[in-house]
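Side chains included, hydrogens not; waters and symmetry mates left out as well; all remaining heavy atoms used. Naming convention: chains lettered A, B, ... in sequence-line order (proteins, then strands); numbering from 1 in each chain.
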2 protein chains.
Amino acid sequence: MDRAQIDQVRRFNRTVTERVGVLHDHYLGSDRPIGAARLLWQIGEEGQDVRRLRERLGLDSGYASRLLRSLEADGLVTVEPQPSDRRVRTVRLTAAGRAERAAIDGRSDELAGSLLEPLNTAQRARLVAAMADVERLLTAATVTLEAVDPGRPDAEHCLRAYAAELGERFQDGFDPARSLLPDPGELRPPRGEFLVARLHGEPVGCAGLKLPPGAPAEVKRMWVAPQARRLGLGRRFLAELEARAAGHGRTLLRLDTNKALDAAIRLYHSCGFQEVPAFNDEPYADHWFEKRLCSPRSPRS
Amino acid sequence: MDRAQIDQVRRFNRTVTERVGVLHDHYLGSDRPIGAARLLWQIGEEGQDVRRLRERLGLDSGYASRLLRSLEADGLVTVEPQPSDRRVRTVRLTAAGRAERAAIDGRSDELAGSLLEPLNTAQRARLVAAMADVERLLTAATVTLEAVDPGRPDAEHCLRAYAAELGERFQDGFDPARSLLPDPGELRPPRGEFLVARLHGEPVGCAGLKLPPGAPAEVKRMWVAPQARRLGLGRRFLAELEARAAGHGRTLLRLDTNKALDAAIRLYHSCGFQEVPAFNDEPYADHWFEKRLCSPRSPRS
DNA sequence: TCCATCCTCTGACTCTAGTCAGGCAATGCG
DNA sequence: CGCATTGCCTGACTAGAGTCAGAGGATGGA
């Protein structure tokens, strides 16, 4: 990693925490402790389970409970047991709570505005564009890839979403029964691997690797959730799968895809895959690709 | 201000504080309270006056003193009175303090590295570039402009720096006695105005406005410190002076400049100034500009 | 029915960060 | 020389943020 890059990141951190931090305290610290304000904000308009709330904000259960009671004492929220499971409690904003939340919202807007305010139009546009880039790439950097068993709930969630999306995007829908999709066992070691990508704990993508004995390795069921697109996740999946296939001694990786998936096709091209004649009878495939792998190396240089 | 822009800024704030904040705690919170760590860091290799230190970090004098004593107790710093003024005390790092500071430094590097680490080369380059943009523009937004008396120390500091720079850049040096530069009285209300730009309290630029009765308003002594260039400060000075001139009922603003100041000349062109024939006998001037002003409005739209 | 488990709440703590009022020594000005 | 000012230090506080252990009701399975 580049020294100049590290320095730039550090300067960025310093400037941003200073500037945003000071204003943050100025605007949001005014009324009520930030702990309470964050909680109030996270409850949202529709209400939340206490458990979920705690999890999202990473709070200790005792601490969360105390905060909730202080908000309750101020008449901003009501807490009542869920009908279905009376152990779980649901928080809802009262009218006063909604008003308070709107006020916090307004102050957040002011904060954002005060960052832009001293700048002229061109500078504003440039700052906002750069912020969008930073945000997108930092989000990309928080996504984690993990090899899991394809039978796990989050893996299955991704696979269902994958099938649903194919059903929507293919001209004639998608019937898993007609397809050559591997059964989960083929994507489980030692016959394959299965990766799940997570963002803040939520599964946002998956990719399978089939390692049939005596045949080239194959990419299967690669999917990225709509909210996680444009983060370079597809490219990252491919790089990771290539590394793993190479780690298993494979020298060729291949895949098939449907003509409706144009973004995927562009991705394969730009990742160095070459289009080749059909190597299977997959009825939903229109294009077949392969890529020759180098000898095993670390997953990312 | 644009709703979409505000939203983008808020998303940015959320993502950055989350991502950087978590890692910050992870890497820097390990060893000693952040207050102490920040102080240790700010002391720097050469040592500092306690007063300066406090000012930079915005600490209460009592609090700073306490932190210093705790560092002293750990053998990381020594505090001793300055010889010249024994009320002022100077902090210096001991060998152990230097080591600790280096450790903090290393962890800051790790933090920066961990932000980049999951990204590929192209993404890294893009992130770093966007961060540089954000940093530059946020810095630009922290610069404040203030109308001050040109006799004040920070104003005089700028004027000295201005003259020194002209001396360096003009082919034959710069002798203030030969120039038509106004005396400070001409840049003081009601005969004129004088602006100083400040970044974190330090003066980083100045610009004067001459309002001679019966003659067009004139820009004088505009200067931006090297460390504050590329922040759009010149453009901002001009906009502010135009607004003030218009506020005084003036409809024409003019200025002269030397051919060595090419960046300034580009600026005048791009801000809507037209080159005109010489309107004075300034021996150091090679170009003369003027701009017609609209009716008074708020300084910035 | 009993027991383990889950979810939330309570009380008793701790640690940081920071404020405020006053005190002491060094300094500078008249 | 006397006195106000400056710079730093100390003690006494406060508030926020969070931890930990345990209590107690609700639930589900054996």
Distance, rounded to the nearest Å, where [X] contributes [atom1] and [N] contributes [atom2]:
X       : N      : atom1 : atom2 : answer
B:Glu80 : D:dG7  : CD    : P     : 19 Å
A:Leu57 : D:dG16 : CG    : P     : 18 Å
B:Gln82 : C:dT27 : CD    : C1'   : 13 Å
A:Ile34 : D:dA15 : CD1   : P     : 16 Å
A:Asp60 : C:dC9  : CG    : C1'   : 11 Å
A:Arg86 : D:dG24 : CZ    : C1'   : 14 Å
A:Asp49 : C:dC6  : CG    : C1'   : 13 Å
A:Gln48 : C:dT8  : CD    : C1'   : 17 Å

Is there side-chain contact between A:Val196 and A:Glu146, with at least one heavy-atom pair below 4.5 Å? no
State, yes or no, whether a side-chain contact exists between A:Leu68 and A:Arg89 at a heavy-atom distance under 4.5 Å. no
Below the 4.0 Å mark, does [N] have OP1 or OP2 next to a side-chain nitrogen or oxygen of [X]?
X       : N      : answer
A:Arg87 : C:dT8  : no
B:Arg51 : D:dG7  : yes
A:Arg89 : D:dG25 : no
A:Arg54 : C:dT8  : yes

Just to verify, what does A:Glu55 make a side-chain contact (heavy atoms from CB on, under 4.5 Å) with, not counting sequence neighbours? none
Return whichever of A:Ala36 or A:Gly62 has its heavy-atom-nearest nucleotide of DNA chain D closer to the 5' end. A:Ala36
As a test of reading the structure: which of [options] is closest to the side chain of [X], going by heavy atoms?
X       : options                : result
B:Arg69 : D:dT10, D:dT27, C:dC9  : D:dT10
B:Ser65 : D:dG7, C:dC7, D:dC9    : D:dC9
B:Tyr63 : C:dT27, D:dT19, C:dA17 : C:dA17

Looking at every strand, decide which applies to B:Asp85 at a 4.0 Å heavy-atom threshold: base, sugar-phosphate, or nothing. sugar-phosphate
Taking donor-acceptor contacts at under 3.5 Å, does the side chain of A:Ser61 reach the base of C:dC7? no
Ignoring hydrogens and angles, answer whether the base of D:dG11 and the side-chain atoms of B:Arg66 contain a donor-acceptor pair closer than 3.5 Å. yes
Under 3.5 Å, side chain of A:Arg98 to main-chain N/O of A:Glu45, donor-acceptor pair present? yes
Looking at A:Asp74, A:Asp105, A:Leu76, which hits side chain to side chain contact (heavy atoms under 4.5 Å, CB included) with A:Glu100? A:Leu76
